[in-house]
There are 2 protein chains.
Amino acid sequence: MKFISLFYIMGGRTIPNRKLVYSMTSKKEIMAYLKQEILSLELKPGAMISETALSERFQLSRTPIRDVLKQLSLEQYVDIYPKKGNLVSFIDLESVEQIIYLRNVLEKEIMKSLAGNIPLKGLHELRDNLAQQQKCIEQAEGAEVFLQLDDQFHRTMFGLAGREFLWGVLQQFNVHYIRYRKLHMLKDEKLAAIRQEHQQLLDYIVQGDTAGIDELLHHHLRADIDSKNLQEHFATYIKK
Amino acid sequence: MKFISLFYIMGGRTIPNRKLVYSMTSKKEIMAYLKQEILSLELKPGAMISETALSERFQLSRTPIRDVLKQLSLEQYVDIYPKKGNLVSFIDLESVEQIIYLRNVLEKEIMKSLAGNIPLKGLHELRDNLAQQQKCIEQAEGAEVFLQLDDQFHRTMFGLAGREFLWGVLQQFNVHYIRYRKLHMLKDEKLAAIRQEHQQLLDYIVQGDTAGIDELLHHHLRADIDSKNLQEHFATYIKK
DNA sequence: GAATCCTATCTTGTATACAAGATTGTGCCA
DNA sequence: TGGCACAATCTTGTATACAAGATAGGATTC
C-alpha cells in the first residue's frame with residue numbers, strides 16, 4: 001500500500017499545526033465580500049443570489065461559488081431552496097432573542113469571575129475603551145462606531161476571562177443579531193445609558209462586588225427586543 | 001425581467017415555511033453515517049477520508065461527496081487540508097473545556113429560572129427520567145445508555161425554559177465533547193453520584209431554592225477535564 | 001553513502017456538460 | 001372568462017474530465 005506515510009505523518013501530527021485554509025484567496029474574498037454585503041443590508045433579506053450570476057460577476061465557475069454559498073448557508077447568511085434558488089436569509093427575531101440571552105448569561109458569569117482580580121493591563125484597556133465611547137457620544141460619531149467599541153469592550157472581557165473561544169461561538173450566530181442591531185439604530189440618549197452601565201459594571205468589577213453585577217445584569221436576561229417597531233417598518237425583512 | 005414573481009413569492013414568504021432540505025436523501029444519509037462513525041470512534045481521529053474512496057463506496061460522484069465533507073469540516077468533524085486530504089479531526093481538549101463551561105453557565109441560569117414555577121408535566125418527565133437513570137445504574141446497563149438519559153434530562157430542562165434553541169447551539173460544538181466523554185468512560189460509582197446530583201437539583205427547583213442551585217453548581221464552572229489520563233492513553237487522538 | 005533533482009502518482013480544486021425540479025406563461029378548450 | 005395542460009426556460013444538482021499542489025521513491029550526482 002502506497003502513501004501510507006502521508007497518512008502516518010498526518011496522524012503523527014506534523015501537519016495539524018499548519019494553518020487551515022479552505023482555498024486560495026479568491027473564495028475567501030468572495031465569502032467576505034458577500035458577508036459584508038449581507039450584514040450591511042446592501043443585499044436585502046429575501047434577495048435572490050443565483051450561482052450563475054455570481055460566477056459571471058467573479059469570473060469563476062459555479063463549483064467554487066457553490067462552495068461559498070454552502071458555507072454561507074451553514075452560517076445562516078443564506079437559505080438554500082433546492083432547485084429553486086438561494087435567498088439572503090430573513091432576519092429571525094427568535095434567534096436574536098436567544099443570542100442576546102446567551103450573551104448576557106455568559107457575560108454575567110464572566111464579569112463575576114473577573115470581579116476583584118482583574119489584571120491591570122486589562123483594566124487600562126477597558127477604561128480606554130470607555131473613554132472612547134464617551135468621546136464617540138459627545139462628538140456624535142454615530143451608532144456604527146459606538147457599536148464597534150461596544151463589541152470590543154465585551155470581547156476584551158471575554159478575553160481577560162480566558163473565554164475568547166466562546167466569543168467566537170457567539171459570533172457564529174450573529175447574522176440575525178447584527179442586522180437587527182443595524183435596523184434598530186439606537187438613539188443617542190440610549191447610547192449614553194449603555195455607556196453609563198458599562199462604567200458601573202467596570203466599577204463593580206474593580207471593587208469585587210459580585211452582588212452588584214448580579215443585580216445590574218439581572219433585568220438584561222429578559223431580553224426585550226423591540227420587535228413591534230421592526231415588524232412595522234421592516235416587515236419584509238423579518239422571518240415569519 | 002422574467003421570474004420576478006418567484007422572487008416575489010419567496011420574499012412574500014410563501015416558501016420560507018417549507019422545510020429546508022439540502023438534498024434528496026442520500027446526502028443526508030451519508031452525512032449521518034459518517035457522523036456516527038466519527039462520534040463512535042470507529043473512524044479514528046487522524047484517519048484519512050478520501051473523496052474518491054467515499055464516492056466509490058456510496059456509488060456517487062465526487063461532487064455531492066465534497067458537499068458532505070465541506071459541511072462536516074464546518075462542524076469540525078473533519079479537517080480539510082487543501083490538495084492533501086481530509087482527516088477526521090483530532091479531539092480538541094480546549095473545545096471540550098470551553099463547551100462544558102458554557103453548558104454549565106447556561107444550565108445554572110436555566111434552572112434558576114425554573115425554580116419555583118416548573119410546569120407539572122415537565123416535572124413528571126424529569127422524575128421519569130431520574131427513575132430510568134436509577135434503573136440504568138442498578139441493572140448496570142452501561143454508561144452509553146446513562147449518558148443518553150443524561151442528555152435527555154438536560155435537554156428537557158432547556159425546553160421547559162424555552163431555550164431549546166440554545167441546546168441546539170451546544171450540539172453544534174459537541175464533536176470534541178462527545179468523543180471525550182466516550183473515552184472517559186465513567187465508572188459506575190460516578191454515575192450514581194451524577195444521578196444523586198440531578199435529584200438534588202430537581203428538588204431545589206421544586207422548592208424554588210435558587211441559592212441551593214447556585215451553591216451546587218458553583219464548582220462545576222471550573223470544569224476539571226481529566227486530560228492527564230487521556231493524554232497518556234489516547235495521545236494519538238488528541239490535538240496538540 | 002548523502003544530498004538533490006525529477007518523475008510518477010496520489011490528493012483535492014476547478015470547469016463544464018448534462019440531468020432534473022420548479023415556475024411561468026401560453027394556448028387550448030369548455 | 002376560467003381552468004387546465006404543456007412547453008419554454010429559469011433554477012440548482014450531479015457526473016466527469018482536466019488542472020494543479022503535494023508526496024514518495026528512485027535515479028543521478030558528488
Side-chain angles (χ1 to χ4, degrees), chain A residues 1-12 14-31 46-74 78-88, chain B residues 1-12 14-31 46-74 78-88:
Chain A
M1 192 192 288
K2 288 173 185 172
F3 279 27
I4 190 70
S5 42
L6 164 65
F7 174 88
Y8 175 76
I9 290 175
M10 284 175 159
T14 297
I15 288 169
N17 291 324
R18 294 189 52 168
K19 209 162 56 173
L20 260 179
V21 183
Y22 287 90
S23 158
M24 310 310 120
T25 50
S26 32
K27 270 207 286 193
K28 260 168 77 172
E29 280 172 13
I30 294 175
M31 178 94 160
M48 194 160 164
I49 310 184
S50 108
E51 295 178 359
T52 53
L54 286 180
S55 93
E56 282 173 22
R57 181 171 163 197
F58 291 105
Q59 292 294 309
L60 268 170
S61 81
R62 275 179 55 216
T63 313
I65 298 289
R66 295 195 86 229
D67 278 2
V68 171
L69 285 173
K70 175 102 203 247
Q71 178 156 355
L72 286 176
S73 91
L74 290 174
V78 166
D79 287 341
I80 297 179
Y81 296 91
K83 310 260 171 126
K84 294 204 198 71
N86 310 307
L87 301 189
V88 175
Chain B
M1 191 190 289
K2 288 173 183 173
F3 279 25
I4 189 70
S5 42
L6 163 65
F7 174 87
Y8 176 76
I9 289 174
M10 284 178 160
T14 298
I15 288 170
N17 291 325
R18 295 187 52 168
K19 209 163 56 171
L20 260 179
V21 184
Y22 287 90
S23 158
M24 308 311 119
T25 50
S26 30
K27 270 209 285 193
K28 260 169 74 172
E29 280 172 14
I30 294 175
M31 178 94 160
M48 194 161 165
I49 310 183
S50 110
E51 296 178 359
T52 54
L54 286 180
S55 92
E56 282 173 22
R57 181 171 162 198
F58 291 106
Q59 291 295 309
L60 267 170
S61 80
R62 273 179 55 217
T63 312
I65 298 290
R66 294 195 87 228
D67 278 3
V68 171
L69 285 174
K70 176 101 204 250
Q71 179 156 354
L72 286 177
S73 90
L74 289 174
V78 166
D79 287 342
I80 297 179
Y81 296 92
K83 311 258 171 128
K84 293 203 198 71
N86 310 306
L87 302 189
V88 175

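Quick note on labels: first sequence line is chain A, next is B, and so on, each numbered from 1.
In this structure, CD1 of A:I65 is placed 16 Å from C1' of D:dT11, rounded to the nearest angstrom. Atom CG of A:L54 and atom P of C:dA15 are 14 Å apart (whole Å). Between the CZ atom of B:R62 and the C1' atom of C:dT14 there is a distance of 10 Å, given to the nearest Å. If you measure from atom NZ of A:K83 to atom C1' of C:dG21, you get 5 Å, rounded to the nearest angstrom. To the nearest angstrom, C1' of C:dT11 lies 16 Å from CG of B:D79. Atom CG in A:D67 sits about 15 Å away from atom P in D:dT12, given to the nearest Å. In this entry the distance linking CD of B:Q59 with C1' of D:dT14 reads 14 Å, nearest Å. Rounding to whole angstrom units, CD of residue A:E56 and C1' of D:dT12 are separated by 15 Å.
When distances are taken from the side chain of A:P64 to each of C:dA20, D:dG21, C:dA15, the shortest belongs to C:dA15. Among the nucleotides D:dT12, D:dA15, C:dT14, the one closest to the side chain of A:E51 is D:dT12. Listed nucleotides C:dA17, C:dT12, C:dT14 differ in distance to A:S61; the shortest reach to its side chain belongs to C:dT14. Of the listed nucleotides (C:dA22, D:dA20, D:dT23), D:dT23 has the atom at the smallest distance from the side chain of B:K84. For A:K27, counting side-chain heavy atoms from C-beta on, the closest listed nucleotide (C:dT14, C:dA20, C:dT12) is C:dT14.
Within the 4.5 Å cutoff, no side-chain heavy atoms of B:Y81 are placed close to those of B:N86. You'll find the side chain of B:T63 stays beyond 4.5 Å of the side chain of A:T63, heavy atoms only. Between A:I80 and A:L72 there is no side-chain heavy-atom pair separated by less than 4.5 Å. Between B:L74 and B:Q71 there is no side-chain heavy-atom pair separated by less than 4.5 Å.
At the heavy-atom level, A:T63 lies under 4.0 Å from base atoms of the strands shown. Counting any heavy atom pair closer than 4.0 Å across all strands shown, B:L69 reaches no nucleic acid atom. A:I49 comes within 4.0 angstrom of the backbone, heavy atoms only, and of no base. If you check every strand for non-hydrogen atoms under 4.0 Å, A:N86 touches sugar and phosphate atoms only.
Separation of atoms CE (B:M48) and CG (B:L87) is listed at 7.0 Å; rounding is to 0.5 Å.
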